[in-house]
Amino acid sequence: MNNQFDITLLARKNVRELTPYQSARRLGGNGTVWLNANEYPIAPEFSFNAKNLNRYPECQPVDVITRYATYAGVKPEHVLVSRGADEAIELLIRAFCEPGKDAVIYCPPTYGMYSVSAETFGIEQRVIPTLSDWSPDIKAMASQLDNVKLIYLCSPNNPTGNIINPELIRKVLEMTAGKAIVAVDEAYIEFCPQASIVSWLKNYPNLVILRTLSKAFALAGLRCGFTLANPPVIELLLKVIAPYPLSTPVADIAAQALTEKGIEVMNQRVAEISRNRNALSDALKKLPNVEQVYRSETNYILVKFTDASRVFRTLWEQGIILRDQQRQYGLNGCLRISIGTTEECDSVINAIRNIQTVNI
């Protein structure tokens with residue numbers, strides 16, 4: 001037996017060369033204040049009620065589907081539930097894109113899993129950077145639609161926090177009609193519900209909307225996401241989804257979160273986080289090494305510093321973990337700060353202010 005054999009040689013070439021998505025937990029850190037993953041800072045309380053763990057769960061749990069449909073204002077046949085919105089990102093590629101033939105478009109700076117998922121499945125990536133105001137470059141996009149089957153747009157966008165002008169999304173939908181799926185990632189839409197385009201589904205067969213319970217519902221650890229689309233799209237995704245995407249405990253807790261009471265609590269969290277976001281933004285704007293605090297419609301803010309690497313490192317060493325975005329397109333000097341409790345936000349301000357004191 002040859003123990004010197006390099007097993008990686010058996011892997012696909014694109015996987016060997018792939019740089020995996022650097023999730024917050026992969027990046028590590030020894031923190032007491034975690035503000036790098038856009039999570040709600042306090043754990044919600046749920047009890048697990050089901051007693052039938054000896055049985056496989058439903059592929060699409062009826063209570064979860066019907067309650068989310070009611071919440072989102074669509075019919076149940078417009079809803080698919082998956083292991084987070086990340087699985088939905090991949091399901092769209094699996095259902096609509098042929099390796100070596102089709103392409104996807106995404107517009108950096110944006111969520112990194114669009115790129116990773118396309119690369120994993122061997123799908124060509126057409127990278128079309130956003131304009132200076134972080135809106136999609138419609139003209140550039142229109143010139144690169146050959147063989148494109150899927151376009152990802154994130155609104156509000158991660159990590160910039162801005163909403164895409166809905167009329168620009170409409171233009172993308174119209175110029176790709178009959179040619180490509182437009183997936184609008186609304187993971188943070190609870191923080192700006194007026195910006196949702198879910199009502200457009202009846203008019204655009206190629207529109208898909210991605211949602212999650214990870215953010216405003218405070219259930220990042222549950223891994224429960226949703227795809228909203230017209231029934232023909234849902235039926236295709238059901239062909240390629242895993243047989244049992246949601247475990248029984250996940251389905252049980254998701255159904256609880258989507259009750260009338262659960263949604264009421266979620267809205268209270270959104271109001272609280274929005275207040276803390278505004279307070280943190282105002283305080284950051286007064287600090288001398290802050291160049292810009294970008295407007296956000298989410299549970300995080302993007303901040304440009306004169307010395308971002310130093311700020312990131314200094315706070316990291318103090319157990320305050322932020323997200324460094326400087327390797328993202330156009331985000332040199334930028335850190336992303338998730339909105340925590342009032343005390344956590346104060347700790348960020350004090351830590352950054354202390355850097356200034358030391359400099360003086």
Q) Residues sharing Tyr56's hydrophobic cluster, by side-chain heavy-atom contacts under 4.5 Å among ILVMFWY, directly or via others? A)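 Tyr56 clusters with Tyr244.
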Hey, does the side chain of [X] reach the backbone of [Y] with a donor-acceptor pair shorter than 3.5 angstrom?
{"X": "Asp137", "Y": "Ala140", "value": "yes"}
{"X": "Gln326", "Y": "Gly333", "value": "yes"}
{"X": "Arg83", "Y": "Arg223", "value": "no"}
{"X": "Asn147", "Y": "Ala103", "value": "no"}
{"X": "Asn299", "Y": "Asn38", "value": "yes"}
{"X": "Ser155", "Y": "Ile164", "value": "yes"}
{"X": "Thr314", "Y": "Val311", "value": "no"}
{"X": "Ser296", "Y": "Thr298", "value": "yes"}
{"X": "Glu87", "Y": "Cys224", "value": "no"}
{"X": "Asn230", "Y": "Leu201", "value": "yes"}

Side chain proximity check, [X] to [Y], heavy atoms < 4.5 angstrom:
{"X": "Ile42", "Y": "Thr341", "result": "yes"}
{"X": "Asn36", "Y": "Ile337", "result": "no"}
{"X": "Tyr114", "Y": "Val127", "result": "no"}
{"X": "Lys304", "Y": "Val290", "result": "no"}
{"X": "Met141", "Y": "Cys107", "result": "yes"}
{"X": "Leu284", "Y": "Ile352", "result": "yes"}
{"X": "Val208", "Y": "Leu210", "result": "yes"}
{"X": "Ile253", "Y": "Ser47", "result": "no"}

Measuring from [X]:[atom1] to [Y]:[atom2], what's the distance to the nearest 0.5 Å?
{"X": "Trp134", "Y": "Ile163", "atom1": "CH2", "atom2": "CD1", "result": "13.5 Å"}
{"X": "Arg94", "Y": "Thr120", "atom1": "CZ", "atom2": "OG1", "result": "11.5 Å"}
{"X": "Lys179", "Y": "Asp146", "atom1": "NZ", "atom2": "CG", "result": "8.5 Å"}
{"X": "Phe96", "Y": "Leu150", "atom1": "CZ", "atom2": "CG", "result": "8.5 Å"}
{"X": "Leu219", "Y": "Phe46", "atom1": "CG", "atom2": "CZ", "result": "5.0 Å"}
{"X": "Ile339", "Y": "Leu35", "atom1": "CD1", "atom2": "CG", "result": "8.0 Å"}

Look at the side-chain heavy atoms of Ile, Leu, Val, Met, Phe, Trp and Tyr, link any pair under 4.5 Å apart, and say whether [X] and [Y] land in one connected group.
{"X": "Leu258", "Y": "Val74", "result": "yes"}
{"X": "Ile93", "Y": "Val240", "result": "yes"}
{"X": "Tyr294", "Y": "Phe191", "result": "no"}
{"X": "Leu302", "Y": "Ile349", "result": "no"}
{"X": "Phe312", "Y": "Val33", "result": "yes"}

Q: Any pair with a residue in residues 162-172 that passes side chain to side chain donor-acceptor pair (under 3.5 Å), sequence neighbours left out, goes on the list, sorted by first then second residue, please.
A: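 Side chain to side chain donor-acceptor pair (under 3.5 Å) check on residues 162-172 returns Thr160-Asn162, Glu167-Arg170, Arg170-Tyr204.
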Q.
Is the distance from the ring center of Tyr188 to that of Tyr300 below 6.0 Å?
A.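 Judged by ring-centre distance (under 6.0 Å), Tyr188 and Tyr300 do meet the cut-off.
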Q: For the pair Ile181 and Ile151, evaluate side chain to side chain contact (heavy atoms under 4.5 Å, CB included) and give the outcome as yes or no after the intermediate values.
A: CA-CA 6 Å; Ile181 296 294; Ile151 297 174; over 6 Å; no
(Q) For the residue pair Arg211 and Phe226, would you count it as a cation-pi contact if the rule is NZ or CZ under 6.0 angstrom from the ring centre and within 45 degrees of the ring axis? (A)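 Here Arg211 fails the 6.0 Å and 45° test against Phe226.
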Please determine, by modelled atom types, if [X] and [Y] share a side-chain donor-acceptor pair under 3.5 angstrom.
{"X": "Gln125", "Y": "Ser115", "result": "yes"}
{"X": "Glu291", "Y": "Thr306", "result": "no"}
{"X": "Arg55", "Y": "Asn52", "result": "no"}

(Q) Test of understanding: with side-chain contact (heavy atoms from CB on, under 4.5 Å), list the residues that count as partners of Ser281, not counting sequence neighbours. (A)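 Testing Ser281 for side-chain contact (heavy atoms from CB on, under 4.5 Å), a comparison that skips the adjacent residues, returns Arg277, Val293, Ile301.
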Q. By side-chain contact (heavy atoms from CB on, under 4.5 Å), which residues pair with Pro231, not counting sequence neighbours?
A.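 Residues passing side-chain contact (heavy atoms from CB on, under 4.5 Å) with Pro231: Glu77, His78, Glu235.
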Q | Stepwise side chain to side chain contact (heavy atoms under 4.5 Å, CB included) test for Leu287 and Phe305 | A | CA-CA 10 Å; Leu287 299 179; Phe305 292 89; 5.8 Å; no
Q.
Under the criterion side chain to side chain contact (heavy atoms under 4.5 Å, CB included), I'd like the reasoning laid out for Val104 against Val148: C-alpha separation, chi angles, the key distance, then a yes or no.
A. CA-CA 5 Å; Val104 303; Val148 168; over 6 Å; no
Taking all atoms of both residues into account, what is the closest heavy-atom pair of [X] and [Y], and its distance?
{"X": "Cys154", "Y": "Thr110", "answer": "CB-OG1, 3.6 Å"}
{"X": "Pro61", "Y": "Leu246", "answer": "CG-CD2, 4.4 Å"}
{"X": "Arg67", "Y": "Gln256", "answer": "NH1-N, 4.0 Å"}
{"X": "Leu145", "Y": "Met175", "answer": "CD1-O, 3.9 Å"}
{"X": "Ile197", "Y": "Pro166", "answer": "CG2-CB, 4.5 Å"}
{"X": "Ala95", "Y": "Leu237", "answer": "CB-CD2, 3.8 Å"}

Q.
Determine whether Phe217 and Leu222 satisfy the following criterion, side chain to side chain contact (heavy atoms under 4.5 Å, CB included), listing intermediate values before the conclusion.
A. CA-CA 10 Å; Phe217 282 91; Leu222 200 65; over 6 Å; no
Show me the donor-acceptor pairs within less than 3.5 Å that the side chains of residues 262-272 make with the rest of the protein, sequence neighbours left out.
{"residue": "Asn267", "atom": "ND2", "partner": "Ile263", "partner atom": "O", "Å": "3.3"}
{"residue": "Glu272", "atom": "OE1", "partner": "Tyr40", "partner atom": "OH", "Å": "2.7"}

**Q.** With sequence neighbours excluded, residues passing salt bridge (charged side-chain N to carboxylate O under 4.0 Å, His left out) with Arg313
**A.**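 In terms of salt bridge (charged side-chain N to carboxylate O under 4.0 Å, His left out), with neighbours along the sequence ignored, Arg313 is linked to no residue.
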**Q.** side-chain hydrogen bond (donor to acceptor under 3.5 Å, both in side chains) between Asp86 and Tyr111, intermediate numbers included
**A.** CA-CA 10 Å; Asp86 287 334; Tyr111 184 42; 2.6 Å; yes
